[in-house]
Amino acid sequence: MLDPQVLRNRLDEVAAALKRRGFDLDTETLERLETRRKSLQVETQELQRRRNASAKTIGEAKARGQDLNSLLAEVADQGDRLARTEADLAAVLEEIEAQSLLIPNIPHASVPPGTSEDDNVEIRRFGAPPDLSFEPKDHVDLGQALGMMDFETAARIAATRFVVLSGGLARMHRALTQFMMDLHTREHGYREVYVPYLVNAQALRGTGQLPKFAQDLFAVPEPGLYLIPTAEVPVTNLAHDRILSPEELPCRYVCHTPCFRSEAGSYGKDTRGLIRQHQFEKVELVQLVRPDGSYEALEELTRHAEVALQRLGLHYRVVALCTADLGFASAKTYDLEVWMPGQGRFREISSCSNFESFQARRIKARWRNPDTGRPELLHTLNGSGLAVGRTLVAVMESYQEADGRIRVPEVLRPYLGGMEVVDGR
RNA sequence: GGAGAGGUGGCUGAGCGGUCGAAAGCGGCGGUCUUGAAAACCGUUGUGGGGCGACCCACCGGGGGUUCGAAUCCCUCCCUCUCCGCCA
């Protein structure tokens, strides 16, 4: 959510900034609502003031044992009028709130301009495609040949876009998670957290998935909760309605969770393989930081995610998303794209974003600024470190042999009892 | 699932329907004293919002109601704690 003050006083600037990301702000409606809000609020508060004053007078008169009838007659019709303006004001405020929740974040000045994902800008590259002297297979062929990746069985148990992994592949999937968690807790200074996988609507509103993206979520109607689409939701909401002291910052969390996405609206897209599943595992990095350091934090967080790819020996590139490709809540995003030899292309494996105060305002996540002594909004960031399923795909396709065997990257071997080639156990 | 107790400011904890944004204590901040520190003493100390301003408004778990007036009464929802049952 954007700052209501700015939305009020510098509406045209906001509209121009949002235009960069292709969003048309309905300034006419907002101005009309704001005018109405102002007059209603002033009127309401004046009526409240009068009510308080006369209630006080009546109280004092009663204490002196005076006759109250004339006083009570005077205020007889005050209540109705106040109730009406209060109701009108509440309706207008609700309307403004509803509108505000649908306005995306303003792109940072450094975000490259663009009209589609084709305008994203490659920032840097690591490594090179693996030197395979044969025609590489994709992870589906590899996994099924090994008998360790089964989409048909998963479909019988659940539906399409689910998978059953088994044997060495299932173990390597787990090893990848362990490796990433150890990396970020031991070397990058993140605090591990374990959180609920079902969250309420308020939490999802806080991070920006609701109200606009309900169709992407799995709802559980009975307790009225949603399966998390990313650990970002519960972890960022840890700061809900909290005022942190400066010593607690920066606050860095790492969290491994399953993620659930309905993928509505992506029929026919990535239907093959592990790339786009209804359920997948992710290791998520979340930071809560002072506003003056959030862009350094974004660079740092991105590097932390990159280290995971580097240690695994995977070829990747870092891409700055252009204004058109930016997520709803993000002010700036770097995508990490890993090379997938079986597909002959780069695929997103991590997305690292600075949300500035956009989420913090919805969540009321603040810190006490010692310079002002006041509570002020934090900046929030997050990034995948990494998406585990897609990492497994990249490893399988990058470490394949001509005979279809898959070597185990060095860093994973300690987690797999020294296993050098994926086996069936 | 059954029975009971309770949700008040950073914390603990008072609060006959009226002068309560709310006692007191702790903590925090500033000061006096001191070579310095502690102790003691004095002062100060919630959040959000509106108005060009003088100022004003809202908030005592959430929502609704009664009333001229609600932290205080009523309804409802949520949450926490204790005991019993059940289950991991």
Side-chain angles (χ1 to χ4, degrees), chain A residues 1-11 30-101 194-206 210 220-226 234 237-249 251 357 359-378:
Chain A
M1 197 154 69
L2 301 178
D3 184 349
Q5 301 268 14
V6 174
L7 216 45
R8 233 172 250 165
N9 302 323
R10 288 149 53 190
L11 191 58
L30 289 170
E31 264 164 5
R32 181 173 52 73
L33 286 168
E34 167 56 15
T35 305
R36 205 161 140 61
R37 184 230 106 221
K38 192 161 173 173
S39 70
L40 278 171
Q41 181 157 352
V42 169
E43 184 182 357
T44 302
Q45 291 189 354
E46 171 59 19
L47 290 171
Q48 286 171 329
R49 192 190 60 76
R50 275 195 242 163
R51 176 203 58 195
N52 293 345
S54 44
K56 192 168 176 176
T57 307
I58 292 169
E60 285 164 353
K62 192 179 180 187
R64 285 194 300 268
Q66 296 175 349
D67 176 53
L68 302 179
N69 286 332
S70 62
L71 282 171
L72 288 176
E74 253 175 66
V75 301
D77 62 337
Q78 268 185 18
D80 284 350
R81 199 174 149 205
L82 176 57
R84 269 202 310 279
T85 56
E86 273 180 339
D88 289 350
L89 177 61
V92 170
L93 288 176
E94 204 175 309
E95 176 65 18
I96 291 174
E97 167 92 354
Q99 296 275 330
S100 301
L101 285 171
Y194 171 82
V195 296
Y197 300 158
L198 289 164
V199 296
N200 58 37
Q202 180 181 270
L204 286 156
R205 205 176 305 120
L210 288 179
V220 182
E222 196 22 64
L225 299 172
Y226 299 83
N237 273 284
L238 290 174
H240 173 83
D241 204 20
R242 297 234 302 147
I243 301 175
L244 303 180
S245 61
E247 305 84 64
E248 294 175 87
L249 302 174
C251 198
S357 59
Q359 294 179 327
R361 185 169 293 107
R362 293 175 170 223
I363 286 175
K364 291 203 261 303
R366 296 172 294 176
W367 70 302
R368 192 164 300 271
N369 184 343
D371 295 337
T372 61
R374 320 288 313 169
E376 295 172 13
L377 292 173
L378 289 164

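Below, chain A is the first sequence line, B the second, and so on; all start at residue 1.
- Between the CG atom of A:Leu7 and the C1' atom of B:G49 there is a distance of 16 Å, given to the nearest Å.
- Of all the residues in residues 360-369 of chain A, A:Arg366, A:Arg368 reach under 4.0 Å from RNA chain B with at least one non-hydrogen atom.
- Across B:G21 and B:C60, the matching C1' atoms stand 9 Å from one another, rounded to whole Å.
- A:Arg361 places a side-chain N or O within donor-acceptor distance of the main-chain N or O of A:Met1, the cut-off being under 3.5 Å.
- Here A:Lys38 reaches the OP1 or OP2 of B:G51: one of its side-chain N or O atoms lies under 4.0 Å away.
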- Note on the structure: Each nucleotide of nucleotides 26-31 of chain B classed B (base within 4.0 Å of a protein heavy atom), S (only sugar-phosphate) or -, in 5' to 3' order, makes ------
- Could you spell out the base pairing of RNA chain B in dot-bracket, with Watson-Crick or G-U pairs whose two distances are under 3.5 Å, [ ] crossing and | to another strand? ((((((((.[[[..)..(.....]]]((((((.......))))))(((((....))))).[[[[[..)....]]]]])))))))....
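- Rounded to whole angstrom, the span from the CG atom of A:Leu244 across to the P atom of B:U47 amounts to 15 Å.
- In summary, the side chains of A:Ser245 and A:Glu248 do present a donor paired with an acceptor at a separation below 3.5 Å, with no hydrogens or angles considered.
- Residues passing the side chain to side chain donor-acceptor pair (under 3.5 Å) test with A:Thr85: none are found, sequence neighbours excluded.
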Extract from the structure each pairing of a protein N or O with an N or O of nucleotides 53-63 of chain B at less than 3.5 Å, listing the distance.
residue : atom : partner : partner atom : Å
B:C57   : OP1  : A:Asn52 : ND2          : 3.4
B:C57   : O3'  : A:Gln48 : OE1          : 3.3
B:C57   : O2'  : A:Gln48 : OE1          : 2.6
B:A58   : OP1  : A:Arg51 : NH2          : 2.7
B:A58   : OP2  : A:Asn52 : ND2          : 3.4

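- Atom CG of A:Leu33 and atom NZ of A:Lys38 lie 14.5 Å apart (nearest 0.5 Å).
- Between the C1' atom of B:G48 and the CD atom of A:Glu376 lies a distance of 15 Å, rounded to the nearest Å.
- Within the 4.0 angstrom heavy-atom criterion, only backbone atoms of the sugar-phosphate kind lie near A:Arg374; the bases stay farther away.
- Of all the residues in residues 84-100 of chain A, not one reaches under 4.0 Å from RNA chain B with any non-hydrogen atom.
- Qualifying salt bridge (Lys or Arg N to Asp or Glu O under 4.0 Å) partners for A:Arg50, counting only residues two or more places apart in sequence or in other chains: A:Glu46.
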Donor-acceptor pairs are to be reported for all side-chain atoms of residues 197-204 of chain A against protein atoms at under 3.5 Å, with residues two or more places apart or in another chain.
residue  : atom : partner  : partner atom : Å
A:Asn200 : OD1  : A:Gln202 : N            : 3.3
A:Asn200 : OD1  : A:Ala203 : N            : 3.0

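- One interatomic measurement links the two molecules: NZ of A:Lys56 to C1' of B:G18, which rounds to 10 Å at whole-angstrom precision.
- A:Arg366 contributes no side-chain N or O that, together with a main-chain N or O of A:Arg242, makes up a donor-acceptor pair within less than 3.5 Å.
- Residues passing the side chain to side chain donor-acceptor pair (under 3.5 Å) test with A:Glu31: none are found, sequence neighbours excluded.
- Contacts of A:Glu376 classified as side chain to side chain donor-acceptor pair (under 3.5 Å), with partners at least two apart in sequence or in another chain: A:Asn369, A:Thr372.
- Here A:Glu95 contributes atom CD and A:Arg36 contributes atom CZ; the two are 10.5 Å apart, rounded to the nearest 0.5 Å.
- Considering OG1 of A:Thr44 and CG of A:Asp88, their distance stands at 8.0 Å, rounded to 0.5 Å.
- The side chain to side chain donor-acceptor pair (under 3.5 Å) check on A:Glu60 picks up nothing, with sequence neighbours excluded.
- Annotation: salt bridge (Lys or Arg N to Asp or Glu O under 4.0 Å) contacts of A:Glu34 (sequence neighbours excluded): A:Arg8, A:Arg37.
- Taking atom CG on A:Leu40 and atom C1' on B:G51, their separation rounds to 15 Å, with Å as the unit.
- Counting only heavy atoms from C-beta on, A:Lys62 has its side chain closest to B:G18 among B:G49, B:G48, B:G18.
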